[in-house]
Every structure is written in C-alpha cells, then in structure tokens.
Amino acid sequence: MSQFNEAVLTGAVFDHQDITQLSFEGARMDNVQITDCIGDHLRLGKAQAMEANFSNTRMQQSDFSEAQLMHANFSGTNLNESLFIKANCMDVNFSGAHLAYVNFSHANLQEASFAQAVLLHANMHRSDIERARFNQTDTSTIRGTDKDLAEAEDWKPAHHFGQ
C-alpha cells in the first residue's frame with residue numbers, strides 16, 4: 001500500500017489510475033482530481049479535500065472518517081460499504097452514486113445532493129441532513145438516528161459528591 005499521509009497534493013490529478021489501497025490520511029487534497037479510477041479500500045481519514053472531484057470512480061470500502069469534503073463531487077462513484085463517520089460533506093454531490101451500506105454517522109450532509117443515488121441501508125445516525133436533496137432516490141431503507149444508541153452516546157455517570 002502506497003502512502004501519501006499528511007502530503008500536500010492540492011490540485012493533483014490521478015485520472016484513469018488504479019489507486020487501490022492508497023492511504024491519504026490527513027493529506028491536503030483541495031481541488032484534487034481522482035476520476036474514472038479503480039480505488040477500493042482507500043484511506044482518507046482526516047484528509048482535507050474541498051472541491052475535489054472523485055466522479056465515476058470505484059472507491060468501495062474506503063474510509064473518509066472526519067475528512068473535510070465540502071463541495072466535493074462524488075457523482076457516479078461507487079462508494080458501497082464506505083465510512084464517512086463525522087465527515088464534513090456539506091454541499092457534496094453524491095448524484096447517481098452507489099452508497100449501499102455506507103456509514104454517514106454524525107456526518108454533516110447539509111445541502112448534499114443524493115439525486116438518483118443508491119442508498120440501500122445507508123446509516124445516517126445523527127447526521128445533519130438539513131437541506132439535503134434526495135430527488136428520485138429511494139430513501140425507504142436509510143437508517144436514521146438510533147434512539148437507544150443516541151441515549152448511550154449521551155450517557156454520563158451521575159455525580160455523587162461526598163461519598
């Protein structure tokens with residue numbers, strides 16, 4: 001696995017490449033172009049990839065946890081079983097993307113477009129979907145906030161002073 005962890009790759013172009021298992025954790029990738037690639041099992045945790053173009057790429061089982069992806073383009077991308085936990089996906093274009101079993105827990109999805117996306121069993125536990133658009137998208141299997149899990153996440157032990 002090649003590693004570009006913490007690298008500055010602003011504006012880099014990776015079109016038509018096999019980028020499977022590359023690691024870009026914490027990398028600066030604003031305006032990067034990774035299109036028409038094969039790139040399963042990528043690691044982009046905590047990367048900054050604002051206005052990046054990832055369109056029409058296969059990125060199954062990839063990790064974008066805590067990444068800053070504002071205004072990025074994932075249109076037509078296969079992201080099945082990927083992680084976007086606590087990612088900032090504000091105004092991201094997921095139109096026509098394959099997002100089956102994707103975990104968007106605690107993600108900022110404000111103003112994101114999911115037009116004609118496949119969201120089969122996607123997990124949106126505690127995600128902010130304010131003004132997100134789901135035009136012509138089947139949302140019937142999306143898992144929203146799990147009440148019991150939310151209570152467990154918010155649990156704090158009682159304070160017993162004087163004991």
Side-chain angles (χ1 to χ4, degrees), residues 1 4 9-146:
M1 171 186 346
F4 294 95
L9 300 168
T10 303
V13 177
F14 292 88
D15 289 347
H16 309 286
Q17 301 294 316
D18 184 343
I19 57 172
T20 300
Q21 295 188 337
L22 290 183
S23 182
F24 297 96
E25 290 188 354
R28 301 276 317 261
M29 302 174 67
D30 296 335
N31 296 301
V32 74
Q33 184 166 311
I34 299 176
T35 60
D36 299 302
C37 291
I38 297 171
D40 296 337
H41 312 287
L42 296 175
R43 298 180 67 177
L44 286 99
K46 297 184 180 178
Q48 179 177 309
M50 294 183 285
E51 298 184 12
N53 184 1
F54 300 105
S55 62
N56 300 309
T57 293
R58 191 176 83 196
M59 304 171 100
Q60 296 181 111
Q61 298 178 337
S62 293
D63 186 358
F64 296 88
S65 296
E66 299 184 49
Q68 300 298 314
L69 302 167
M70 292 80 72
H71 316 293
N73 180 10
F74 288 94
S75 63
T77 297
N78 184 339
L79 292 156
N80 290 338
E81 300 176 354
S82 291
L83 303 174
F84 285 85
I85 298 168
K86 296 183 181 178
N88 188 346
C89 300
M90 185 174 187
D91 193 35
V92 167
N93 182 2
F94 289 109
S95 297
H98 295 267
L99 303 163
Y101 299 95
V102 168
N103 190 341
F104 287 108
S105 294
H106 298 272
N108 176 2
L109 301 170
Q110 292 181 13
E111 301 179 25
S113 174
F114 293 95
Q116 298 179 335
V118 177
L119 285 162
L120 182 68
H121 298 287
N123 183 356
M124 293 192 176
H125 173 73
R126 286 195 159 176
S127 296
D128 185 348
I129 59 170
E130 186 177 338
R131 294 185 307 279
R133 299 172 306 282
F134 296 92
N135 307 48
Q136 298 178 343
T137 299
D138 181 0
T139 59
S140 65
T141 63
I142 292 175
R143 293 180 296 158
T145 298
D146 180 303

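Side chains included, hydrogens not; waters and symmetry mates left out as well; all remaining heavy atoms used. Since this is a predicted model, take the numbers as computed values, not measurements. Along the sequence shown, residues are numbered consecutively beginning with 1.
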If every non-hydrogen atom of [X] is compared with every non-hydrogen atom of [Y], which pair is closest and at what distance?
X	Y	answer
Ala72	Ala49	CB-O, 4.0 Å
Ser62	Ser82	N-OG, 3.0 Å
Leu9	Val32	O-CG2, 4.1 Å

Aromatic centroids of Phe74 and Phe64 separated by under 6.0 Å: yes

Pair Phe84 + Phe94: ring centers closer than 6.0 Å: yes

State whether the side chain of [X] and the backbone N or O of [Y] hold a donor-acceptor pair below 3.5 Å, judged by distance alone.
X	Y	value
His125	Asp146	yes
Thr35	Ser55	no
Thr77	Ala97	no
Ser105	Ile85	no
Asn88	Leu69	no

Under 4.5 Å between any side-chain heavy atoms of [X] and [Y], yes or no?
X	Y	result
Gln21	Asp40	no
Thr141	Leu119	no
Leu109	Met124	yes

Would you compute the distance between atom [atom1] of [X] and atom [atom2] of [Y] and round it to the nearest 0.5 angstrom?
X	Y	atom1	atom2	value
Ser23	Leu44	OG	CG	7.5 Å
Asn103	Ser127	CG	OG	8.0 Å
Gln68	Cys89	CD	SG	9.0 Å
Gln33	Asp15	CD	CG	4.0 Å
Asp128	Glu111	CG	CD	10.0 Å
Glu51	His71	CD	NE2	6.0 Å

Intermediate values then yes/no, side chain to side chain contact (heavy atoms under 4.5 Å, CB included), Gln116 and Asn135: CA-CA 6 Å; Gln116 298 179 335; Asn135 307 48; over 6 Å; no

Distance-only side-chain donor-acceptor flag, Ser113 / Ser95, under 3.5 Å: yes

Between Gln61 and Glu81, a side-chain donor and acceptor under 3.5 Å: yes

Steps toward side chain to side chain contact (heavy atoms under 4.5 Å, CB included) verdict (Asn123, Phe104): CA-CA 6 Å; Asn123 183 356; Phe104 287 108; over 6 Å; no

Residues Met59, Phe54; criterion side chain to side chain contact (heavy atoms under 4.5 Å, CB included); working and verdict: CA-CA 9 Å; Met59 304 171 100; Phe54 300 105; 3.6 Å; yes

Check against side chain to side chain contact (heavy atoms under 4.5 Å, CB included), Met50 and Asn31: CA-CA 6 Å; Met50 294 183 285; Asn31 296 301; over 6 Å; no

Member of Leu79, Leu120, Asn80 meeting the side-chain contact (heavy atoms from CB on, under 4.5 Å) criterion with Tyr101: Leu120

Residues Lys86, Glu66: salt bridge by 4.0 Å N-O rule: no

Whether Phe134 and Phe114 hold their rings parallel, tilted or perpendicular, with breakpoints at 30° and 60°: parallel

Arg28 CZ: over 12 foreign heavy atoms closer than 6.0 Å: no

